[in-house]
Protein chains: 2
Amino acid sequence: MYDATDYPPFAVTVDLAMFTLRGPSLSVLLVRRGEEPFQGMPALPGGFVHADESADVAARRELAEETGLDSFPGHLEQLATYSEPGRDPRMRVVSVVFVAFAPNLPEPSAGSDAADAYWMPVEDASRESLAFDHAQILADALERVRSKLEYTTLATHFVESPFSIRDLQTVYEAVWDVTWDRANFRRKVLGTRGFVEPVEGVADAASTGGRRAQLYRPGDATTLHPPIPRP
Amino acid sequence: MYDATDYPPFAVTVDLAMFTLRGPSLSVLLVRRGEEPFQGMPALPGGFVHADESADVAARRELAEETGLDSFPGHLEQLATYSEPGRDPRMRVVSVVFVAFAPNLPEPSAGSDAADAYWMPVEDASRESLAFDHAQILADALERVRSKLEYTTLATHFVESPFSIRDLQTVYEAVWDVTWDRANFRRKVLGTRGFVEPVEGVADAASTGGRRAQLYRPGDATTLHPPIPRP
DNA sequence: TCAATAGTGTCTGTAAGACAGTATTGT
DNA sequence: ACAATACTGTCTTACAGACACTATTGA
């Protein structure tokens with residue numbers, strides 16, 4: 001039962017699909033590969049899982065390396081594992097892919113490992129030719145992010161707390177590429193128990209004038225009842 | 001960059017959380033372990049990924065071995081990958097877990113590999129002490145199956161086609177452990193585009209009498225718009 | 001005829017979408 | 001004053017939940 005052919009050795013990596021909102025558009029972090037294979041092509045950041053780590057811990061380590069931050073302020077979850085033989089021409093590599101997102105991540109060039117990392121709007125990245133099977137992974141990750149907005153509170157992880165209802169609306173509109181009626185969006189969010197909690201204070205004034213918005217923080221809920229339906 | 005400590009060898013396995021409806025209750029396939037570690041304890045079926053297979057192919061191979069069927073008639077999807085160091089006391093094992101379900105699967109004792117495989121209602125299995133981290137995996141798999149019924153057409157994979165609306169209702173009631181008003185459930189299903197398509201013919205008569213039901217087959221849709229909300 | 005199951009009609013409350021109107025702020 | 005943004009109210013339509021009713025079948 002336990003001879004060597006039964007458990008051939010694999011290398012295990014983690015890859016990250018990291019998203020943030022930059023300006024009006026959802027963006028993903030890419031790195032330009034410095035070596036073969038796929039040298040010079042954009043790819044998702046990632047690395048090998050060490051002998052004494054879980055994939056989860058490895059993903060958090062990579063996250064810290066890429067962002068330069070000690071503790072990652074956003075959300076991290078496992079997406080899926082990609083294991084086609086031949087997906088890496090060097091050897092048999094199984095990749096556990098994670099999706100991460102956070103508000104306002106800094107430009108990644110801040111002296112870190114990932115000197116060649118950069119943000120790209122997902123609209124553009126989806127049209128790029130990516131290394132390995134990363135184009136497929138990016139498509140799967142995008143669909144995960146989009147569907148999770150429907151029935152979880154993850155949108156609050158894309159903005160810094162405290163935030164206004166309008167900030168949340170911007171998240172939904174950027175990720176789904178739709179527009180909402182402001183009044184109806186507001187009613188929907190406030191009518192979903194545990195989504196947001198009001199806090200003291202109002203938003204800073206916009207230079208252009210206009211009433212200042214009530215601020216909120218994330219509520220207790222993690223899943224939305226009822227969900228925010230994707231139009 | 002590519003020295004041996006960067007990519008320590010892992011063994012990669014697939015484990016299966018296979019569900020079917022047996023009588024009124026959702027059941028999961030367990031095997032009694034014949035060897036150490038955890039000898040004699042129930043576990044989810046699984047095995048090593050071979051050197052030339054993807055995890056997906058390995059899962060289908062295991063599925064065929066467990067059921068004795070050449071082509072598995074139901075649905076198979078990846079759940080998640082479990083990679084804690086120490087989850088297998090023998091060595092470093094990363095397990096890619098799949099969720100499968102199908103209607104009316106036969107008793108698994110039919111002369112196959114898995115002489116010690118058996119179905120157990122999930123209600124009971126969740127209270128069992130399972131080998132490795134399989135109790136956690138089972139809990140995650142159950143939550144996946146339950147949530148997928150809400151917004152996908154997967155319920156149609158739990159029944160043989162053609163089926164009646166009432167058959168579908170039985171699936172929802174068994175998986176969610178709820179009851180539905182028959183009229184409202186019917187309206188909901190028929191009002192969801194692409195969920196079911198009527199076919200010629202009606203169900204066989206029940207021995208106890210009663211009108212015979214219109215039969216349906218799965219529709220074109222894979223996701224439900226609107227979803228069937230979990231009460 | 002009766003019991004059992006399939007299917008239809010209808011009423012009521014609630015929520016979604018559309019959109020008009022009021023409130024508050026900077027220029 | 002005016003433009004820009006936040007917020008509120010209201011009307012209409014659609015659907016969910018409850019439940020009474022009709023249709024079809026076997027014993």
Side-chain angles (χ1 to χ4, degrees), chain A residues 24 149-151 159 162-174 176 178-217 221 223-231, chain B residues 23-24 149-151 155 159 162-174 176-217 221 224-231:
Chain A
L149 284 198
E150 283 194 73
Y151 53 92
V159 293
F163 50 85
S164 68
I165 301 282
R166 189 60 193 268
D167 293 336
L168 261 194
Q169 184 176 347
T170 304
V171 173
Y172 278 91
E173 294 186 337
W176 286 347
V178 297
T179 57
W180 277 81
D181 179 276
R182 287 189 303 107
N184 293 337
F185 182 81
R186 168 187 203 73
R187 246 192 313 129
K188 190 74 184 154
V189 167
L190 295 179
T192 299
R193 281 184 307 275
F195 196 2
V196 298
E197 298 276 349
V199 297
E200 289 286 315
V202 292
D204 290 341
S207 62
T208 169
R211 178 169 169 180
R212 289 188 266 180
Q214 173 66 45
L215 292 177
Y216 297 82
R217 59 170 175 80
T223 60
L224 298 179
H225 299 286
I228 310 284
R230 187 162 14 168
Chain B
L149 283 198
E150 282 193 73
Y151 55 91
V159 294
F163 51 84
S164 67
I165 300 282
R166 188 60 195 265
D167 292 337
L168 262 195
Q169 185 176 346
T170 305
V171 172
Y172 278 90
E173 294 185 338
W176 285 347
D177 193 25
V178 296
T179 58
W180 278 81
D181 178 276
R182 285 188 306 108
N184 294 336
F185 183 81
R186 168 186 204 74
R187 249 193 310 127
K188 190 76 185 154
V189 167
L190 296 179
T192 300
R193 281 184 306 275
F195 196 3
V196 298
E197 298 277 350
V199 298
E200 289 286 315
V202 291
D204 292 341
S207 62
T208 168
R211 180 170 169 180
R212 289 188 266 181
Q214 172 67 44
L215 292 177
Y216 297 84
R217 60 172 174 78
L224 298 178
H225 299 287
I228 311 281
R230 185 162 13 168

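Residue numbers start from 1 in every chain, and the chains themselves are labelled A, B, ... in the order their sequence lines are given, proteins ahead of strands. For the numbers below, each heavy atom of this structure counts, side chains included, while hydrogens, waters and symmetry mates do not.
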Heavy-atom side-chain contact between B:L149 and B:I228 under 4.5 Å: no
Mind checking what makes ring pair (Phe, Tyr, Trp, His ring centres under 6.0 Å) contact with A:Y216, not counting sequence neighbours? none
Can you list everything that forms a ring pair (Phe, Tyr, Trp, His ring centres under 6.0 Å) with B:F163? Sequence neighbours excluded, please. none
DNA chain C: B:L215 or B:T208, which has the more 5' nearest nucleotide? B:T208
Donor-acceptor pairs are to be reported for all side-chain atoms of residues 192-205 of chain B against protein atoms at under 3.5 Å, with residues two or more places apart or in another chain.
from	atom 1	to	atom 2	distance (Å)
B:T192	OG1	B:K188	O	2.9

Would you please name every residue forming a side chain to side chain donor-acceptor pair (under 3.5 Å) with B:T179, sequence neighbours left out? none
List the residues meeting side chain to side chain donor-acceptor pair (under 3.5 Å) with A:S164, not counting sequence neighbours, and say none if there are none. A:D167
Rounded to the nearest 0.5 Å, the CD atom of B:Q169 sits from the CZ atom of B:R186 at a distance of 10.0 Å
So do the side chains of A:V159 and A:T170 get within less than 4.5 Å of each other, counting heavy atoms only? no
For DNA chain C, which nucleotides open and close the run of contacts to chain B, 5' to 3', at under 4.0 angstrom from a non-hydrogen atom? C:dA4 to C:dG9
In chain order, what residues pass the salt bridge (Lys or Arg N to Asp or Glu O under 4.0 Å) check against B:R230, with sequence neighbours excluded? B:E143, B:E150
Across nucleotides 12-24 of chain D, 5' to 3', mark each nucleotide with B, S or - according to how protein heavy atoms within less than 4.0 Å reach it. ----BBBB---BB
So, with a heavy-atom separation below 4.0 Å from DNA chain C, the residues of residues 164-174 of chain A are none
Contact residues, residues 191-202 of chain B to DNA chain C [heavy atom, < 4.0 Å]: none
Partner set under ring pair (Phe, Tyr, Trp, His ring centres under 6.0 Å) for B:F185, not counting sequence neighbours: B:Y172, B:W180
Mind checking what makes side-chain contact (heavy atoms from CB on, under 4.5 Å) contact with B:R187, not counting sequence neighbours? B:N184
Return the minimal non-hydrogen interatomic distance between A:P229 and A:P227, and the atom names on each side. CD-O, 3.3 Å
